[in-house]
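Quick notes on the structure that follows.
Protein chains get the first letters and strands the later ones, always in sequence-line order, with residue 1 at the start of each.
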2 protein chains.
Amino acid sequence: MKNEKKSYHHKNLRPVLMDEAAKMIAEGGAASVTMRELGKRVGVSRGAAYRHFSDKDALLMSVSASGFEKLSSEVQSVIQNGEMSFESRLLALGKVYLQFAIENPAHYRLMYGKEALSRWNQPVLKESADGLFDHLYEVIKGFQGECDISEKDTRTLVYVAWSSVHGLASILIEKHIMAEVEIEPIINEAMQTIINGFKAAS
Amino acid sequence: MKNEKKSYHHKNLRPVLMDEAAKMIAEGGAASVTMRELGKRVGVSRGAAYRHFSDKDALLMSVSASGFEKLSSEVQSVIQNGEMSFESRLLALGKVYLQFAIENPAHYRLMYGKEALSRWNQPVLKESADGLFDHLYEVIKGFQGECDISEKDTRTLVYVAWSSVHGLASILIEKHIMAEVEIEPIINEAMQTIINGFKAAS
DNA sequence: AACAGCATATTGACATTGTCAACATTTTTT
DNA sequence: AAAAAATGTTGACAATGTCAATATGCTGTT
């Protein structure tokens with residue numbers, strides 16, 4: 001006898017909904033996530049999700065936040081490698097960031113795209129995203145000390161570095177780079193340009 | 001007697017629809033564009049647009065393309081100022097680009113966001129976007145000659161510069177930068193970092 | 001154990017939306 | 001002027017988000 005007997009109460013629905021929504025996002029983009037289809041996949045009715053999320057936007061926002069947390073933890077594990085120079089850490093950080101975006105394009109789009117706009121000031125999202133910012137801040141601050149360019153405002157440099165990597169991620173994801181072009185050299189060149197640019201301004 | 005007598009045939013509908021859609025995008029984002037509301041605003045029924053656009057996506061794609069053309073023409077007028085050094089041109093180009101994004105955030109989002117994804121290979125969009133790329137290509141090629149860094153692949157440098165500016169535009173638009181921060185210094189720092197980074201790699 | 005209250009899930013209903021087919025009206029062509 | 005093409009309107013339908021009413025299972029109190 002199968003243990004899969006469907007009980008009226010799912011009893012673990014919230015995380016299951018988020019996981020399945022993330023899968024749907026990966027497969028068909030955020031627009032393909034439908035309350036009805038989501039319920040069908042999880043084996044639950046269309047209305048069940050409303051006991052766990054106030055509406056569809058809230059659900060997507062939670063999925064988005066989970067993406068930030070995943071990315072943040074990957075970034076943190078790179079940063080915490082104390083044996084690397086700050087420059088190496090900066091480069092590794094950029095690569096991890098870009099790898100996440102390339103591997104989870106639709107999820108990344110959800111995190112930074114217009115869907116997040118209306119609810120961006122929601123604490124959940126703000127905290128997750130701020131965590132990422134703080135990680136980058138620490139690395140760049142260390143980099144400034146290492147290279148003696150500490151007279152520049154760290155926050156500004158963070159925004160510059162973040163812009164570069166985020167922009168490259170966005171362009172790669174949206175396939176705005178011709179298909180036959182190798183992306184590895186572009187990533188390296190982008191990171192090196194930022195690093196050199198920071199150094200040159202010392 | 002008013003000349004506004006509503007004739008059955010609008011006789012100029014296509015461009016009017018696109019203009020009104022652009023206005024709606026500016027006011028309430030691309031999601032707020034509804035065939036019914038669009039028709040109401042223009043004084044036409046909901047179905048009328050389907051004589052000029054195969055579906056809603058096609059309409060938005062055309063609006064997107066018109067955005068590319070506008071941005072492209074602004075960029076071109078900056079570039080064609082022959083009295084400036086290539087470095088100055090590069091900087092001016094970045095500023096024009098960012099200004100467009102800041103002034104037309106929803107339109108910019110439409111141009112580069114996920115909406116364009118499914119139809120990105122459509123000739124209209126591809127040509128408009130490629131035009132922008134070509135403009136940037138010429139400036140950077142000139143810059144390479146000016147600074148003796150011509151051993152680098154121009155195309156790669158274009159992607160790097162474009163990423164930076166596009167990323168900054170995206171972050172500014174999505175309000176991922178804290179409100180109290182001045183954006184002018186960030187823009188300057190970003191452009192200068194790229195330029196210095198390019199120079200340093202010579 | 002029994003019961004009450006709460007958490008959770010289902011279903012019917014409704015408004016909104018994109019889209020198509022059938023029809024209406026105007027313009028252009030023959 | 002008749003025919004044909006172009007353009008605009010309306011009714012209909014399916015898909016979707018969401019809410020209210022209802023049903024079902026769980027948990028703690030007595």
Round to a whole Å and report the spacing from [atom1] of [X] to [atom2] of [N].
X       : N      : atom1 : atom2 : result
A/Met35 : D/dT16 : CE    : P     : 12 Å
B/Lys11 : D/dA6  : NZ    : C1'   : 8 Å
A/Glu37 : D/dA14 : CD    : C1'   : 15 Å
A/Lys56 : D/dT16 : NZ    : P     : 9 Å
B/Leu60 : C/dG18 : CG    : C1'   : 12 Å
B/Asp55 : C/dT19 : CG    : P     : 5 Å
A/Arg36 : C/dT11 : CZ    : P     : 13 Å
A/Leu38 : D/dG17 : CG    : C1'   : 13 Å

So, [X] versus [Y]: side-chain donor-acceptor pair below 3.5 Å or not?
X        : Y        : value
A/Ser164 : B/Ser164 : yes
B/Lys95  : B/Asn188 : yes
B/Thr154 : B/Gln144 : yes
B/Tyr159 : B/His166 : no

Would you call the rings of A/Tyr97 and A/Tyr112 parallel, tilted or perpendicular if under 30° counts as parallel and over 60° as perpendicular?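 Judged by the thresholds at 30° and 60°, the geometry between A/Tyr97 and A/Tyr112 is tilted.
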
All N/O pairs under 3.5 Å across the protein-nucleotides 22-25 of chain C interface:
residue	atom	partner	partner atom	Å
C/dA24	N3	B/Tyr8	OH	2.9

Has B/His52 got a side-chain N or O lying under 4.0 Å from the OP1 or OP2 atom of D/dA6?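 No, B/His52 has no side-chain N/O under 4.0 Å of OP1/OP2 on D/dA6.
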
For C/dT17, does either OP1 or OP2 sit under 4.0 Å from a side-chain N or O belonging to B/Thr34?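 For C/dT17, OP1 or OP2 has a side-chain N or O of B/Thr34 closer than 4.0 Å.
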
Assuming nearest nucleotide by heavy-atom distance, tell me which of B/Arg46 and B/Asn12 is located more 5' along DNA chain D.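 Nearest-nucleotide comparison on DNA chain D picks B/Asn12.
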
Can A/Glu87 and A/Lys199 be counted as an ion pair, charged N to O under 4.0 angstrom?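 Salt bridge between A/Glu87 and A/Lys199, a charged N being under 4.0 Å from a carboxylate O: yes.
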
Salt bridge check, A/Lys56 against A/Glu37: does any charged N sit closer than 4.0 Å to a carboxylate O?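 No, this pair does not count.
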
With sugar-phosphate meaning primed atoms plus P, OP1 and OP2, does A/Val42 contact a base, only sugar-phosphate, or nothing at under 4.0 Å between heavy atoms? nothing

